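Notes follow once the structure below has been shown.
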Amino acid sequence: MPRNADTDQEPWWITNYRGRNPLQRYSHHNRTKTRRTVDFYIRYLSLEPNQTILDLCCAFGRHTHELTQRGFPRAVGVDLSADMLAHAISSDAAGGQRPRFLRADIRALPFENASVDAALMLRSFGFLDTTREDLGVFEEIARVLRPGAFLGMDHFPPHSATTKVGTRVLEGPAATTIVRTTWDPATARLNSHMSTRYEDGRVDPLRSSSRLYTPEELGAMLVEAGFAVQGQFGGYDGSPISEDSTRCVVIARRV
Ligand SMILES: C[S@@+](CC[C@H](N)C(=O)[O-])C[C@H]1O[C@@H](n2cnc3c(N)ncnc32)[C@H](O)[C@@H]1O
């Protein structure tokens with residue numbers, strides 16, 4: 001397992017997703033939002049049914065399942081967490097169609113150069129310790145995408161951090177999570193400490209730290225990695241990105 005060079009501890013993006021039932025903690029993701037997100041990408045990535053589409057950092061596979069059910073049988077969910085993938089695999093498959101799920105690190109994707117038709121990476125960028133490492137993720141995605149293929153991703157811009165700072169309580173069906181979030185302008189990182197209390201009284205302390213990039217910074221990194229930015233939006237309603245947008249949705253094309 002990869003380790004933080006500084007602390008010799010496993011990074012949060014491994015420990016947070018191990019040995020936990022995501023459906024107990026994340027029931028606040030509803031199907032309507034997932035559908036809307038997938039609608040958006042079907043349109044803006046010009047997805048076609050016979051294409052190989054990667055759902056990178058798929059977690060429990062809600063977008064992979066939705067894509068499969070919507071007639072994209074070659075959607076593949078990729079995630080590093082065996083536990084998340086176990087939930088993804090055991091989720092109900094509508095119409096008998098089961099997506100393919102693959103355990104892999106997005107920094108070293110097990111795909112040939114230029115062999116993939118499209119990729120999604122949702123709510124999963126900025127986890128690594130340095131900008132150089134985050135750029136490496138874009139470079140790896142660029143390696144596997146064929147020229148002309150699209151990447152769709154979303155991200156929270158730094159100014160949206162103020163909307164996330166504070167304490168939130170997330171009620172899941174079998175667990176309650178208290179999230180305390182702070183923003184560090186010096187490192188542009190959003191840091192959270194979470195405490196999940198399960199029905200049996202068990203309490204799980206977790207933390208996370210994500211680097212937030214401005215739309216301009218994301219665009220520059222994508223260009224450096226071999227993409228052209230086709231569009232940036234303020235949300236899945238297709239609204240234009242603005243200074244007030246609390247989300248940045250990016251469509252990039254492999255050049
Ligand atoms: C916030 S969740 C993703 C949520 C999901 N895309 C969705 O919108 O429902 C982050 C996921 O990224 C995965 N992950 C983190 N780092 C990874 C890496 N280097 N390679 C593959 N998966 C990774 C975690 O295991 C976790 O399931």
Side-chain angles (χ1 to χ4, degrees), residues 1-4 9-41 53-68 75-91 99-111 116 118-130 132-141 143-144 151-156 164 168 170 172 177 179 181 190-192 194 196 206-212 235-236 247-250:
M1 279 291 171
R3 295 192 177 251
N4 276 355
Q9 283 176 358
E10 276 182 339
W12 67 266
W13 40 269
I14 290 182
T15 45
N16 277 16
Y17 299 104
R18 180 189 295 134
R20 294 173 175 93
N21 182 340
L23 303 180
Q24 287 177 324
R25 291 174 56 208
Y26 296 120
S27 66
H28 57 285
H29 291 314
N30 64 43
R31 177 92 195 270
T32 308
K33 280 190 186 165
T34 304
R35 275 204 191 116
R36 195 170 62 146
T37 304
V38 168
D39 279 341
F40 179 93
Y41 286 118
I53 305 162
L54 304 185
D55 177 13
L56 299 170
C57 297
C58 67
F60 49 97
R62 61 194 175 115
H63 299 107
T64 326
H65 278 288
E66 185 68 27
L67 279 167
T68 307
V76 183
V78 178
D79 203 283
L80 196 50
S81 163
D83 292 306
M84 288 290 154
L85 290 175
H87 287 288
I89 291 163
S90 65
S91 296
R100 187 175 152 216
F101 288 102
L102 192 65
R103 186 171 183 216
D105 192 321
I106 54 166
R107 297 170 301 173
L109 290 166
F111 293 90
V116 172
L120 295 177
M121 183 167 59
L122 306 181
R123 300 171 61 247
S124 301
F125 190 68
F127 291 180
L128 300 173
D129 289 342
T130 64
R132 178 61 220 140
E133 289 172 281
D134 285 333
L135 175 62
V137 170
F138 283 154
E139 289 170 343
E140 181 60 358
I141 300 170
R143 180 188 69 75
V144 301
L151 164 67
M153 67 172 288
D154 59 14
H155 190 66
F156 296 112
K164 304 196 175 302
R168 282 186 303 152
L170 306 176
T177 302
V179 187
T181 303
L190 196 64
N191 300 308
S192 293
M194 294 156 269
T196 298
L206 298 171
R207 60 164 211 96
S208 69
S209 176
S210 298
R211 168 74 154 92
L212 302 191
Y236 288 112
R247 187 178 282 230
C248 174
V249 179
V250 186

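Just follow the structure's listing: the first ligand is 1, and inside any ligand the first atom is 1. Note that this is a predicted model, so its numbers are computed, not measured.
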Is it the side chain (CB and beyond), the backbone, both or neither of R62 that lies under 4.0 Å from ligand 1, heavy atoms counted?
side chain

In terms of its nearest heavy atom to atom 17 (C) of ligand 1, the top option of C58, C57, A82 is C57

Under 4.0 Å to a heavy atom of M84 - the qualifying atoms of ligand 1, by number:
27 (O)

Counting only heavy atoms, which portion of R123 has something under 4.0 Å from ligand 1: side chain, backbone, both, or neither?
both

Considering only heavy atoms from C-beta outward, does the side chain of F111 approach that of L54 to under 4.5 Å?
yes

Between R31 and R62, does a side chain to side chain contact (heavy atoms under 4.5 Å, CB included) hold up when you go through it step by step?
CA-CA 8 Å; R31 177 92 195 270; R62 61 194 175 115; over 6 Å; no

Would R132 and E139 pass as an ion pair if we require N to O under 4.0 Å?
yes

Heavy-atom gap G61 to ligand 1 smaller than 4.0 Å
no

Ligand 1 atoms nearer than 4.0 angstrom to some heavy atom of A104 are 20 (N), 21 (C)

Would you call the rings of Y17 and W12 parallel, tilted or perpendicular, taking 30° and 60° as the class edges?
tilted

Closest non-hydrogen atom pair, R123 against D154:
N-OD1, 2.6 Å

Between Y236 and D39, is there a side-chain donor-acceptor contact under 3.5 Å, judged purely by atom types and distance?
no

Among L122, D154, D105, which residue places a heavy atom closest to atom 19 (N) of ligand 1?
D105

Check this for me - ligand 1, I106, N or O atoms closer than 3.5 angstrom, yes or no?
yes

Side chain R143, main chain L109, donor-acceptor under 3.5 Å
yes

So between D79, L56, D83, V78, whose heavy atom ends up nearest atom 11 (C) of ligand 1?
D79

Determine whether the aromatic ring centres of F101 and H65 lie less than 6.0 Å apart.
yes

Would you check whether H63 reaches within less than 4.0 Å of ligand 1, judged by its heavy atoms?
yes

Heavy-atom contacts with S81 under 4.0 Å: which atoms of ligand 1 show up? List them by number with element.
25 (O)

